[in-house]
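Worksheet: the structure to be examined is printed underneath.
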Amino acid sequence: MKKNILLAACFLMPLIASAQNDTLTHERDITLAEAIALARTQSVDAAVALNELKTAYWEYRTFRADLLPEVNFTGTLPNYNKSYSTYQNSDGSYSFVRNNTLGLSGALSIDQNIWFTGGKLSLASSLDYIKQLGSGGDKQFMSVPVSLELTQPIFGVNSLKWNRRIEPVRYAEAKASFISATEEVTMKTITYFFELLLAKEALATAQQNKANSDRLYEVAIAKRKMGQISENDLLQLKLNSLQGKADVTEAESTLNAKMFQLRSFLGVSESEGLNPVIPASVSGIKMDYDRVLNKALERNSFAQNIRRRQLEADYEVATARGNLRSIDLFASVGYTGQNYEFSSAYQNLLDNQIVKVGVKIPILDWGKRRGKVRVAKSNREVVLSKIRQEQMDFNQDIFLLVANFNNQAQQLEIAEEADLIAEKRYKTSVETFMIGKISTLDLNDAQNSKDEARQKHISELYYYWYYFYQLRSLTLWDFERNAELEADFEDIIKG
């Protein structure tokens, strides 16, 4: 009995020393929440998502600017012309005349697009000056103090009206995609975090198994001398000790690789060690398929994507129909004046009115334009068919994901309990082996079961959190707080 107590004491002392050495590490503890926060601010993937959002924001701002009035100045300062040109005389003959002029012109206009008609309204004022150079040359001013111009397509497609319907949907899609991309960064962080956590647990397990194997081999040598175990069991324990050394080396290499992977993704210095802390699961959450699907259809970028593609397909059909014929109206009303003096050019003003209607109607085009309409309609049907299929696939993915998450919660509970039982069984097996009640095969089986149960526990925890954040990504809904995932896009873009 005393021998067994001494052997047990010799076996436990290295484990105590090993535990004390573990407390002396200088690694930085990092929780899953801290890793996610770092990834959302420092990772390359987060930067890419932010730049895509900024691109969509400025595209939307550009569209909004098309709806606002513009103030434009156009001018020619100066226009110098010294050349010869042909001139037809009254008798039909031609001669060359010399031009030697200096001209200046400028126009200031306020332009406003009319989104509901597709036309353009301009309020303009202009001034032209021309001087004939050379001896006896004259100068002259022509002014248009005010004119109102309207340019209006009659049957063509109203692109501005269509953009007014499409662009807000496109921007809403971009905002939802940004939040989804942020959640996808989270999911990648979870993967790297748990890979490092598994590597850390594997190394700790390998070190513990090595220490146990070494001590058991030393104990076995003493027990062999006393005839308490066979030569075969002694050799098996020696093999276990050698395998333990190999496992530690391999586990250290894997840990370094996973450490570098997570540090690189989070943008953390290579000189800083990360010690991942095992996260707890979210208790009491059970997903309902109908609720999750409704949230996803309401908030996910997929819904906006479907709407945008439908509108774009309709726009292509409208464009093809508008190209069947073209009628454009241009009208301008205002006043004009001219004189040799600048101030007089703004006196005794005369009416200045222009009305022009341009018509382009194909008489014979061999069905080319109507063929383009049919092509646009066929393309729209293709888009709608793809959308219907994508909608069914989306609903199916949501259904499977909800089922996987709810099942994963149960799997995690089983894995946690199995981990505790396997750990307890292994400790019992070691104690039983010390008193010679079980063989090395039984001890190895208990050790393998312990290692597998620990790895299984961490893996199930990983899948639990991965499914959870995948549901958040699809629904843009925080199921812990029971609130929508929001972002202050103005501050994000300006920041």
Side-chain angles (χ1 to χ4, degrees), residues 56-81 101-131 139-171 311-312 314-316 318-362:
Y57 171 79
W58 287 112
E59 287 177 348
Y60 180 69
R61 282 287 300 271
T62 301
F63 153 73
R64 295 292 300 174
D66 287 338
L67 303 177
L68 301 176
E70 291 185 2
V71 179
N72 296 301
F73 174 78
T74 58
T76 303
L77 307 170
N79 177 15
Y80 175 67
N81 185 0
T101 60
L102 175 66
L104 301 173
S105 64
L108 184 67
S109 66
I110 302 175
D111 305 315
Q112 173 66 62
N113 290 317
I114 308 172
W115 68 266
F116 51 88
T117 66
K120 183 177 181 180
L121 191 65
S122 300
L123 182 66
S125 178
S126 64
L127 177 67
D128 292 271
Y129 167 78
I130 187 170
K131 179 177 177 57
K139 64 178 182 179
Q140 193 170 8
F141 293 91
M142 184 183 75
S143 69
V144 180
V146 61
S147 68
L148 187 64
E149 299 177 357
L150 173 66
T151 304
Q152 177 64 57
I154 304 301
F155 291 111
V157 64
N158 187 348
S159 298
L160 195 61
K161 184 177 180 179
W162 278 101
N163 287 339
R164 195 168 181 266
R165 298 172 63 187
I166 294 173
E167 292 303 323
V169 178
R170 189 191 305 277
Y171 185 48
L311 288 171
E312 288 176 343
D314 292 339
Y315 173 57
E316 292 299 325
T319 301
R321 285 175 173 169
N323 291 335
L324 288 174
R325 59 189 180 276
S326 176
I327 299 178
D328 296 320
L329 168 67
F330 174 82
S332 174
V333 294
Y335 297 94
T336 185
Q338 61 177 359
N339 204 285
Y340 295 105
E341 299 297 332
F342 173 74
S343 58
S344 299
Y346 286 88
Q347 299 175 2
N348 301 319
L349 301 176
L350 303 174
D351 290 342
N352 184 16
Q353 300 176 1
I354 302 173
V355 177
K356 181 172 62 176
V357 178
V359 179
K360 184 179 180 182
I361 300 176

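Please read all numbers here as calculations on a predicted model, not as lab measurements. Because only heavy atoms are used, hydrogens play no part in the values below, and waters and symmetry mates are left out as well, while side chains stay in.
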Checklist entry - What distance do Tyr335 atom OH and Leu350 atom CG have between them, rounded to the nearest 0.5 Å? => result 10.5 Å
Checklist entry - So which pairs with a foot in residues 150-164 pass side chain to side chain donor-acceptor pair (under 3.5 Å), sequence neighbours left out? => result Thr117-Gln152, Ser159-Tyr315
Checklist entry - Shortest non-hydrogen contact from Thr336 to Ser143? => result OG1-O, 2.9 Å
Item to check | Partner residues of Glu167 under the salt bridge (Lys or Arg N to Asp or Glu O under 4.0 Å) criterion, sequence neighbours left out | outcome: Arg170
Checklist entry - According to the side chain to side chain donor-acceptor pair (under 3.5 Å) rule, which pairs have a member within residues 320-330, sequence neighbours left out? => result none
Checklist entry - Going by heavy atoms in the side chains, are Phe63 and Ile166 under 4.5 Å from each other? => result no
Checklist outcome for this item: Nearest heavy-atom contact between Ala124 and Ser109 is CB-CB, 3.9 Å
Checklist entry - Nearest heavy-atom pair of Tyr60 and Pro168: which atoms, and what distance? => result CE1-CA, 3.8 Å
Could you give the side-chain donor-acceptor pairs of residues 64-79 under 3.5 Å, partners two or more places apart or in another chain?
unit_1: Asn72; atom_1: ND2; unit_2: Asp111; atom_2: OD2; d: 2.7

Checklist outcome for this item: Residues Gly118 and Pro153: closest non-hydrogen pair is O-CD, 3.6 Å
Checklist entry - Can you name the side-chain hydrogen bond (donor to acceptor under 3.5 Å, both in side chains) partners of Glu59, sequence neighbours left out? => result none
Item to check | Pairing residues for Asp314 by the side-chain hydrogen bond (donor to acceptor under 3.5 Å, both in side chains) criterion, not counting sequence neighbours | outcome: Arg380
Next on the checklist: Ignoring hydrogens, what is the shortest heavy-atom contact between Ala345 and Phe141? Give both atom names and the distance.
Outcome noted: CB-CB, 3.8 Å
Next on the checklist: Run the side-chain hydrogen bond (donor to acceptor under 3.5 Å, both in side chains) test against Arg61 and tell me which residues pass, sequence neighbours left out.
Outcome noted: Tyr57
Next on the checklist: Measuring from atom CZ of Phe155 to atom CD1 of Ile327, what distance do you get when rounded to the nearest 0.5 angstrom?
Outcome noted: 4.5 Å
Checklist entry - In Å, rounded to the nearest 0.5 Å, how long is the span from CG of Leu148 to CG of Asn352? => result 12.0 Å
Item to check | side-chain contact (heavy atoms from CB on, under 4.5 Å) against Glu316, all qualifying residues, sequence neighbours excluded | outcome: none
Next on the checklist: Within this structure, what is the NZ-OG distance for the pair Lys356 and Ser332, rounded to the nearest 0.5 Å?
Outcome noted: 10.5 Å
Checklist entry - If you measure from NZ on Lys120 to CD1 on Ile114, what distance do you get to the nearest 0.5 Å? => result 11.0 Å
Item to check | Rounded distance (nearest 0.5 Å) linking atom OG1 of Thr101 with atom CG of Asn81 | outcome: 4.5 Å
Item to check | Tyr80: partners by side-chain contact (heavy atoms from CB on, under 4.5 Å), with sequence neighbours left out | outcome: Lys82, Asn100, Leu102, Leu133
Checklist entry - Can you pull the side chain to side chain donor-acceptor pair (under 3.5 Å) pairs that have at least one residue in residues 339-349, sequence neighbours excluded? => result none
